J.: 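Below is a structure I'd like to ask you about.
Read the numbers this way: they start at 1 and go in the same order the structure lists the ligands and their atoms. In this chain, residues are counted from 1 in sequence order. Being a predicted model, the structure only gives us computed values, none of them experimental.
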Amino acid sequence: MTRLARSLDRLKRHYDAVVVGSGYGGAVAASRLARAGARVAVLERGREFVTGEFPARFPDLRRELQLTGKRLSIGAPAGLYDVRLGEDMHILVGCGLGGGSLINAGVALRPDARVFADDAWPDEITHDGLLNEGFARATAWVRPARDPHAADHSKFQALKRASTALGQRPVAAPVVVAFEETVNAAGIRQPACTRCGDCCGGCNVGAKNTLALTYLPDAVAHGAEVFTLARVRSLGKCNGSRWRIELDQSAGGVHADDPTSVTADLVVLAAGTLGSTEILLRARSDGLAISDRLGHGFSANGDIIAFGYGAKIPVNAIGVGHPAKVAGLQVGACVSGQVEILDREELERSLTVQEGVLPSSLAPILPVLFIPNGRLLGALASLVSGVYRGPFAGLQTFFAVSHDSAAGRLVLEEDHIQLSWPGVSEEPVYGRVHAALEALAAGAGASYVANPLAGTMMGRQPATAHPLGGCGMGRERGAGVVNHKCQVFDATPGAEADRVHEGLYVIDGSVMPRSLGVNPLLTITALAERAMLHMARDRGLAFHAAPRTCATGASPATPGLARDAGAPGAC
Ligand SMILES: Cc1cc2nc3c(=O)[nH]c(=O)nc-3n(C[C@H](O)[C@H](O)[C@H](O)COP(=O)(O)OP(=O)(O)OC[C@H]3O[C@@H](n4cnc5c(N)ncnc54)[C@H](O)[C@@H]3O)c2cc1C
Ligand code: SF4
């Protein structure tokens with residue numbers, strides 16, 4: 001199978017545009033800039049995973065785990081699952097070509113309109129007409145779909161039983177999954193989802209519409225050069241209008257003769273909430289004039305994962321993987337159904353609860369986490385695949401998402417980013433959501449387990465997989481780090497408050513000025529599409545963004561870089 005990435009020693013000295021990071025923001029920017037004819041390099045700190053290479057068993061998963069904290073750094077430096085252990089909160093993000101898309105559940109929801117009506121956003125977001133266009137383009141490329149068999153899955157039925165306790169009924173959740181064989185927006189043939197449930201471990205079927213199967217191959221098809229194991233440390237201005245991007249020589253996989261920097265006329269920072277904020281914090285301490293708001297406004301998006309344990313009726317919420325570890329069990333995609341609890345009076349109280357699936361690679365350690373003396377049971381379970389039949393068949397996983405105050409702050413400590421959010425566990429969202437989840441678990445005849453890892457080094461801190469903010473949007477530099485077009489404000493003393501650094505953008509989850517209250521991937525993609533439309537107008541670029549969906553019959557059978565010979569997209 002053709003890979004997208006090339007080795008770092010082939011990096012040229014200068015590009016028209018350098019994109020740092022390859023999550024939703026970076027992949028959109030790379031595709032659109034490449035389609036506009038720019039010479040583009042994408043620098044990604046993680047490795048490339050092609051379909052079939054995602055961890056299938058616990059030892060493989062352990063090899064892909066990186067755990068870092070204030071005084072701790074263990075595991076693979078470029079491991080796929082990047083866990084930041086914080087004193088106030090833990091954060092999980094993806095590390096690899098495709099960023100979070102490789103390991104997320106793929107739920108794609110548009111926020112309540114009241115989110116964008118909030119004063120936290122610059123007015124143009126709702127007034128210039130491009131927000132809807134951004135969502136339309138994002139939807140055409142990531143293709144959310146509802147499983148036509150969602151209601152058949154036992155985990156959906158378990159959520160239905162549970163949700164009567166709250167007077168609610170679940171609906172099928174839109175997820176970025178191909179439920180039928182298809183040719184996707186990048187012209188790549190994807191097989192149908194096997195409903196193996198392993199989306200959060202990494203899809204080994206090729207049915208999840210990750211960025212590695214959509215925007216990124218599109219960027220490469222239009223000439224972008226993609227480099228992995230390329231960790232950016234900082235950036236600064238050089239030679240007037242050019243930017244110098246400095247690579248981290250201490251990063252794993254870097255060779256002594258690899259380049260140490262690259263220059264570009266335009267830089268898109270898209271290293272995610274933690275990565276982009278960290279790079280800009282370093283750039284600011286190296287002298288680049290950036291808003292005092294940098295690092296402020298971190299939100300965990302009211303995101304919670306919790307469990308119901310002990311239900312007598314099987315829930316079947318542990319993935320079976322691909323190839324399937326047990327025969328005859330279709331658990332469904334990671335999320336099939338959700339309950340939407342809308343508060344019309346008070347947006348912050350609205351809440352969405354999804355039923356989730358744990359990846360099959362975690363199966364052997366579940367008894368260790370949930371049962372006293374579970375180590376012995378865990379050893380037995382891994383021998384007989386007991387977690388699919390015994391009490392763990394009744395394990396229910398809840399993903400909840402709501403709103404918090406976005407009062408966290410990202411700071412640099414000893415050159416590394418840390419989250420500071422004293423008192424975060426007292427945020428009202430946690431009490432509200434835990435009460436709702438406890439009622440749901442009881443409704444399903446299960447005991448509520450808020451945090452099975454409380455007795456480990458993880459402690460009782462909340463955790464999130466939806467970090468947002470740090471480079472939030474604002475009207476001017478006193479209110480934000482970037483403007484509504486994702487251009488970075490220039491905070492040079494005496495400069496006009498809305499002046500920007502020419503050619504410097506941040507396009508990813510870090511630009512959200514508040515919680516979204518829904519899973520963020522669709523909004524990040526939509527705002528990235530919107531930012532690229534503005535960039536094209538401002539810089540006189542022309543790109544076509546229509547999907548390459550016109551299958552002609554010359555169809556590659558496996559996902560990868562091979563494309564159907566469809567007509568090039570036109571808009
Ligand atoms: C387990 C899990 C489940 C999730 N489920 C959902 C879901 O169902 N729906 C949803 O909407 N969202 C979900 N999310 C969240 C979603 O995936 C993220 O919000 C999204 O990926 C963020 O996109 P981004 O563009 O901001 O950055 P990311 O996707 O985080 O990408 C940033 C990229 O930059 C790279 N990078 C970082 N630092 C550097 C550096 N210094 N140099 C070079 N590269 C760098 C990273 O390796 C990464 O590839 C989930 C996340 C996780 C972890
Ligand atoms: S359920 Fe399995 S096949 Fe379907 S998208 Fe998720 S990982 Fe891929």
J.: Is it the side chain (CB and beyond), the backbone, both or neither of L43 that lies under 4.0 Å from ligand 1, heavy atoms counted?
T.: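 Under 4.0 Å from ligand 1, L43 contributes backbone atoms alone.
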J.: May I ask you to check if ligand 1 and L521 share an N or O to N or O distance below 3.5 Å?
T.: yes
J.: Give the single entry among V42, N104, V107 that approaches atom 9 (N) of ligand 1 most closely by any heavy atom.
T.: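 Considering heavy atoms of V42, N104, V107, the nearest to atom 9 (N) of ligand 1 sits in V107.
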J.: Please could you name the atoms of ligand 1 that G99 approaches to less than 4.0 Å, counting only its heavy atoms?
T.: 29 (O), 31 (O), 48 (C), 49 (O)
J.: Can you list the atoms of ligand 1 that are under 4.0 Å from a heavy atom of S22?
T.: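 This gives 33 (C), 34 (O), 49 (O) as the contact atoms.
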J.: Short list, please: which atoms of ligand 1 are under 4.0 Å from a heavy atom of P520?
T.: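 This gives 10 (C), 11 (O), 12 (N), 19 (O) as the contact atoms.
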J.: When you measure from atom 8 (Fe) of ligand 2 to the N, O or S atoms of C203, does any of those distances fall below 2.8 Å?
T.: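 Looking at C203, which is the residue asked about, there is an N, O or S atom under 2.8 Å from atom 8 (Fe) of ligand 2.
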J.: Examine the proximity of ligand 1 to A270 and report which part, side chain or backbone, both or neither, has a heavy atom under 4.0 Å away.
T.: backbone
J.: Do K325 and R57 have side-chain heavy atoms sitting under 4.5 Å apart?
T.: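 They are in side-chain contact.
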J.: Return the residue, atom name and 0.1 Å-rounded distance of the protein heavy atom closest to atom 31 (O) of ligand 1.
T.: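 Protein heavy atom at minimum distance: G23 CA, 3.2 Å.
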J.: Relative to atom 30 (O) of ligand 1, which among G106, G100, C200 owns the nearest non-hydrogen atom?
T.: G100
J.: If you draw a 6.0 Å radius around CD in E413, do more than 12 non-hydrogen atoms from other residues or ligands fall strictly inside?
T.: yes
J.: Report the relative orientation of the aromatic rings in F227 and Y15; use parallel for angles under 30°, tilted for 30 to 60°, perpendicular for over 60°.
T.: perpendicular
J.: Is any side-chain N of the basic residue among E53 and R3 closer than 4.0 Å to the acidic one's carboxylate O?
T.: yes
J.: Would you say A230 contacts ligand 1, with heavy atoms under 4.0 Å as the rule?
T.: yes
J.: Under a 4.0 angstrom heavy-atom cut-off, which atoms of ligand 2 come close to A333?
T.: 1 (S)
J.: What residue and heavy atom of the protein are closest to atom 48 (C) of ligand 1, and at what distance?
T.: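 Nearest protein contact, heavy atoms only, for atom 48 (C) of ligand 1 is E44 OE1, 3.5 Å.
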J.: Any N or O on G25 sitting closer than 3.5 Å to an N or O of ligand 1?
T.: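 Min N/O separation from ligand 1 is below 3.5 Å for G25.
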J.: Thinking salt bridges, do R10 and E225 make one under a 4.0 Å N-O criterion?
T.: no
J.: Quick one: nearest non-hydrogen protein atom to atom 5 (N) of ligand 1, plus distance?
T.: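 For atom 5 (N) of ligand 1, the nearest protein heavy atom comes out as A105 N, 3.0 Å.
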J.: Would you mind checking which non-hydrogen protein atom is closest to atom 51 (C) of ligand 1, with the distance to 0.1 Å?
T.: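 The closest one turns out to be A465 O, 3.3 Å.
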J.: Can you name the atoms of ligand 1, numbered from 1 with element, that are less than 4.0 Å from a heavy atom of I103?
T.: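 Checking each atom against I103, I get 1 (C), 2 (C), 3 (C), 53 (C).
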J.: Taking C-beta and beyond as the side chain, do T51 and V205 meet within less than 4.5 Å on heavy atoms?
T.: no
J.: Below 4.0 angstrom from a heavy atom of V205, which ligand 2 atoms are there? Numbered from 1 as shown, please.
T.: 3 (S)
J.: D508 heavy atoms, cut-off 4.0 Å: which ligand 1 atoms fall inside?
T.: 24 (P), 25 (O), 26 (O)
J.: In terms of the angle between their ring planes, are H534 and H484 parallel, tilted or perpendicular, with boundaries placed at 30° and 60°?
T.: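 Ring orientation, 0 to 90° scale: perpendicular.
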J.: Examine distances only and state if a side-chain atom of E355 and a backbone atom of S336 form a donor-acceptor pair shorter than 3.5 Å.
T.: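 Yes; judged by distance alone, with no hydrogens or angles, the pair exists.
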J.: Which protein heavy atom lies closest to atom 4 (Fe) of ligand 2, and at what distance to 0.1 Å?
T.: C193 SG, 2.3 Å
J.: Could you tell me, atom by atom, which parts of ligand 1 come under 4.0 Å of a heavy atom of V232?
T.: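 Under 4.0 Å from V232, ligand 1 has these atoms: 40 (C), 41 (N), 42 (N), 43 (C).
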J.: Find all atoms of ligand 2 within a distance of less than 4.0 Å from any non-hydrogen atom belonging to G197, and give their numbers and elements.
T.: 1 (S), 2 (Fe)
J.: Could an N or O of ligand 1 be found under 3.5 Å from any N or O of G46, whether backbone or side chain?
T.: no
J.: List the closest protein heavy-atom neighbour of atom 46 (C) of ligand 1: residue, atom name, distance to the nearest 0.1 Å.
T.: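 So the nearest neighbour among protein heavy atoms is R45 NE, 3.3 Å.
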J.: Just to confirm my output: which protein heavy-atom neighbour is closest to atom 20 (C) of ligand 1, and how far is it?
T.: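 Sorting protein heavy atoms by distance from atom 20 (C) of ligand 1 puts Y24 CD1, 3.7 Å first.
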J.: For P462, which of V429, D404, V424 qualifies under side chain to side chain contact (heavy atoms under 4.5 Å, CB included)?
T.: V424
J.: When you measure from the side chain of S285 to the backbone of L281, do you find a donor-acceptor pair of N or O atoms at a distance under 3.5 Å?
T.: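 Between the backbone of L281 and the side chain of S285 there is a qualifying donor-acceptor contact (under 3.5 Å).
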J.: Inspect the contact between D60 and R63 and indicate whether a charged nitrogen and a carboxylate oxygen are less than 4.0 angstrom apart.
T.: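 Salt bridge present between R63 and D60.
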J.: Just by modelled atom types, is the T273 backbone N or O under 3.5 Å from a matching donor or acceptor in the T277 side chain?
T.: yes
J.: Are any of the side-chain nitrogens in R32 or E529 under 4.0 Å away from the carboxylate oxygens of its partner?
T.: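 Yes.
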J.: Among protein heavy atoms, which sits nearest to atom 2 (Fe) of ligand 2, and what does the distance come to when rounded to 0.1 Å?
T.: C196 SG, 2.4 Å
J.: Any atoms of ligand 1 less than 4.0 Å from a non-hydrogen atom of C95? List them with their elements.
T.: 47 (O)
J.: Does ligand 1 have a heavy atom under 4.0 Å from the side chain of I524, from its backbone, from both, or from neither?
T.: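 Contact part for I524 vs ligand 1: side chain (C-beta onward).
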J.: Are H14 and T263 close enough, and set up right, to give a side chain to side chain donor-acceptor pair (under 3.5 Å), and what steps lead you there?
T.: CA-CA 5 Å; H14 180 80; T263 59; 2.7 Å; yes
J.: With distance as the sole test, does S101 use its side chain to make a donor-acceptor pair with the main-chain N or O of L211 at under 3.5 Å?
T.: yes
J.: Starting from atom 6 (Fe) of ligand 2, find the nearest protein heavy-atom neighbour and note its residue, name and distance.
T.: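 Result: C199 SG, 2.3 Å.
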J.: For ligand 1, which is the ligand I care about here, please tell me if T273 has any N or O atom under 3.5 Å from one of the ligand's N or O atoms.
T.: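 For ligand 1, there is no N or O atom that lies under 3.5 Å from one belonging to T273.
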J.: Note the single closest protein heavy atom to atom 26 (O) of ligand 1, along with its residue, its atom name and the distance in Å.
T.: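 Checking every protein heavy atom, the shortest distance to atom 26 (O) of ligand 1 gives G509 N, 2.8 Å.
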J.: If the cut-off is 4.0 Å to any non-hydrogen atom of I279, which atoms of ligand 1 fall inside it?
T.: 41 (N)
J.: Using a distance threshold of 4.0 Å (strictly less than), state whether atom 13 (C) of ligand 1 has a protein heavy-atom neighbour.
T.: yes
J.: Can you tell me which portion of R233 lies within the under-4.0 Å heavy-atom range of ligand 1? Options are side chain, backbone, both, or neither.
T.: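 For R233, there is no contact with ligand 1 at all, from either part.
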J.: Is there a donor-acceptor pair closer than 3.5 Å between any side-chain N or O of W421 and the backbone N or O of A300?
T.: no
J.: Picking from L229, V232, L247, D82, what satisfies side chain to side chain contact (heavy atoms under 4.5 Å, CB included) with R45?
T.: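 Of the listed residues L229, V232, L247, D82, the side chain to side chain contact (heavy atoms under 4.5 Å, CB included) partner of R45 is D82.
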J.: Could you measure the distance from the CG atom of L294 to the CG atom of L288? Nearest 0.5 Å is fine.
T.: 10.0 Å
J.: Please determine whether any non-hydrogen atom of C334 lies less than 4.0 Å from an atom of ligand 2.
T.: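 Outside the 4.0 Å threshold, so no.
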J.: Does a sphere of radius 6.0 Å around CZ in R6 hold more than 12 heavy atoms from other residues, nucleotides or ligands, not counting ones at 6.0 Å or beyond?
T.: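 More than 12 heavy atoms, drawn from other residues, nucleotides or ligands, come within 6.0 Å of this atom.
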J.: So which heavy atom in the protein is nearest atom 10 (C) of ligand 1, and how far is it from that ligand atom?
T.: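 Looking only at protein heavy atoms, the one closest to atom 10 (C) of ligand 1 is N519 CB, 3.2 Å.
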J.: Short list, please: which atoms of ligand 2 are under 4.0 Å from a heavy atom of T194?
T.: 3 (S)
J.: Less than 4.5 Å apart, any side-chain heavy atom of L419 and any of R84?
T.: no
J.: Using 4.0 Å as the upper bound for N to carboxylate O, is an ion pair formed by R47 and E64?
T.: yes
